[in-house]
Amino acid sequence: MPSRKLDPEKLRAALDAQLVALDEPPFDGPPSALAGALVSAVLAAYERDLRPERDAARQAIRYLLDRLATAAPGRTVEVRVPPYAAVQAIAGPRHTRGTPPNVVETDGRTWIELALGRLTWAEAMAKGAVSASGARADLSDHLPL
C-alpha cells in the first residue's frame, strides 16, 4: 500500500501553527525535514501537557501510520488512532467487509511514542494505552518505526 503524498505546504502550515502554540519560532529547515519536525512539535505539545493543534496532530499521526503501512505492507491489521486516521498493514489474510478481525486502537500520544520508540508495545499494553484484538494484532515486531 503506497503511502499518501505529503503536501509540503500543508505540513509547513500545520507545523508553524503548532510552533506558534508552543511559543517557538517558525520552522526554517529544509522541506525534507518537515514531517519529522512536525512529529517532534506535536510530541512537545503532549509533553508540556498541552493539547496539540488538531491539524498538526492529524498530519503527524497520519505520517507515522503511513510509515507503518509502508514498512509492513498488507491488510491483515487495521491500526486506528481516532479521530485522526487509520491504516491497514501487516501481511497475511485480508478482510474485505465489516469489522476486521485484527484491530489495534490507541490515542495520538501513545501512537507517536510507540512509533518513535519512546514507549514499547509491552509497556503500552500493560498500562492499557492500546487496545489490540485478534491473533495478529501485536505490532511489537514493527515498532519503533
Side-chain angles (χ1 to χ4, degrees), residues 1-19 21-22 24 27 29-145:
M1 176 173 168
S3 64
R4 293 170 250 216
K5 178 78 173 133
L6 298 174
D7 181 338
E9 293 304 315
K10 288 182 180 179
L11 282 177
R12 183 176 294 277
L15 173 56
D16 284 344
Q18 185 61 67
L19 291 172
L22 293 169
E24 295 188 15
F27 178 75
S32 61
L34 278 168
L38 179 59
V39 170
S40 294
V42 170
L43 186 57
Y46 282 125
E47 289 172 343
R48 293 181 191 180
D49 291 325
L50 301 172
R51 181 182 218 169
E53 297 295 304
R54 184 169 173 81
D55 193 44
R58 180 179 57 83
Q59 293 213 39
I61 289 163
R62 281 187 176 176
Y63 166 71
L64 293 171
L65 285 171
D66 286 348
R67 283 193 51 200
L68 173 67
T70 299
R75 295 184 153 222
T76 298
V77 180
E78 185 165 292
V79 183
R80 301 173 181 167
V81 184
Y84 303 109
V87 295
Q88 292 182 354
I90 317 297
R94 176 181 172 194
H95 76 279
T96 56
R97 294 185 346 162
T99 302
N102 300 287
V103 176
V104 172
E105 188 167 307
T106 191
D107 63 276
R109 181 179 186 160
T110 300
W111 173 245
I112 291 173
E113 289 177 343
L114 284 166
L116 298 180
R118 292 182 175 217
L119 181 67
T120 68
W121 180 258
E123 291 167 341
M125 290 296 292
K127 69 180 194 175
V130 172
S131 169
S133 63
R136 296 174 182 258
D138 181 342
L139 299 181
S140 57
D141 289 342
H142 306 284
L143 297 170
L145 299 174

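Since this is a predicted model, take the numbers as computed values, not measurements. Quick note: numbers below take in every heavy atom, side chains included, and nothing from hydrogens, waters or symmetry partners.
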**Q** Is there a side-chain contact between R12 and L15, using heavy atoms and a 4.5 Å cut-off?
**A**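 They are not in contact (no side-chain heavy atoms under 4.5 Å apart), so the answer is no.
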
**Q** Measuring from D107:CG to Y84:OH, what's the distance to the nearest 0.5 Å?
**A**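 Taking CG in D107 and OH in Y84, the distance rounds to 9.0 Å.
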
**Q** Looking at every non-hydrogen atom in both residues, tell me the closest pair between L143 and A115 and how far apart they are.
**A**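 Shortest heavy-atom separation between L143 and A115 comes out as CD2-CA, 4.1 Å.
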
**Q** Taking the side chain as every heavy atom from C-beta outward, state whether E113 and L43 have any pair of such atoms under 4.5 Å apart.
**A**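 Yes, close enough: below the 4.5 Å cut-off.
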
**Q** Heavy-atom distance under 4.5 Å between the side chains of R109 and E47, does that happen here?
**A**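 Heavy-atom side-chain distance check passes, below 4.5 Å.
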
**Q** Are the side chains of V130 and L139 in touch, meaning some heavy atoms are under 4.5 Å apart?
**A**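 They are not in contact (no side-chain heavy atoms under 4.5 Å apart), so the answer is no.
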
**Q** Taking all heavy atoms of R118 and all of E123, pick out the closest pair and write down the distance.
**A**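 Where R118 meets E123 most closely, the heavy atoms are O-OE1, 4.5 Å.
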
**Q** Report yes or no: does T76 contribute a side-chain atom to a donor-acceptor pair with the main-chain N or O of I90 at less than 3.5 Å?
**A**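 Yes; at least one donor-acceptor contact below 3.5 Å.
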
**Q** Report the distance from atom CG of L11 to atom OH of Y63, rounding to the nearest 0.5 Å.
**A**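 The OH atom of Y63 is 9.5 Å from CG of L11, to the nearest 0.5 Å.
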
**Q** About how many Å separate CD of Q59 and CG of D7, when rounded to the nearest 0.5 Å?
**A**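 D7 atom CG to Q59 atom CD measures 7.5 Å (nearest 0.5 Å).
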
**Q** Show the nearest heavy-atom pair for residues A135 and N102, with the distance to one decimal.
**A**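 A135 and N102 have their closest heavy atoms at N-OD1, 3.2 Å.
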
**Q** Closest approach of V104 and A137, non-hydrogen atoms and distance?
**A**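 V104 and A137 have their closest heavy atoms at CG2-O, 3.4 Å.
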
**Q** Any donor-acceptor pair under 3.5 Å linking the side chain of Q18 with the backbone of E53?
**A**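 Confirmed, Q18 side chain pairs with E53 backbone.
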
**Q** If you round to the nearest 0.5 Å, how far is CG of D138 from CE of M125?
**A**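 Reported value, rounded in 0.5 Å steps: 7.5 Å.
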
**Q** Which atoms form the tightest heavy-atom contact between V42 and A57, and what is the distance?
**A**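 Shortest heavy-atom contact: CG2-N, 3.8 Å.
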
**Q** Which atom names give the shortest non-hydrogen contact between A41 and L19, and what distance separates them?
**A**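 Result for this residue pair: CB-CD2, 4.1 Å.
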
**Q** How many angstroms lie between atom OG1 of T70 and atom CG of D66, to the nearest 0.5 angstrom?
**A**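 So the OG1 of T70 and the CG of D66 are separated by 6.0 Å.
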
**Q** Is it true that atom CZ of R48 has more than 12 heavy atoms of other residues, nucleotides or ligands lying nearer than 6.0 Å?
**A**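 Correct, the count exceeds 12.
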
**Q** Just grab all the side-chain hydrogen bond (donor to acceptor under 3.5 Å, both in side chains) pairs involving residues 126-137, residues at least two apart or on different chains.
**A**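 Every pair satisfying side-chain hydrogen bond (donor to acceptor under 3.5 Å, both in side chains) with a residue in residues 126-137: there are none.
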
**Q** Looking at CG of L6 and CG of L34, how far apart are the two atoms once the value is rounded to the nearest 0.5 Å?
**A**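 Atom-to-atom, L6:CG and L34:CG are 9.0 Å apart.
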
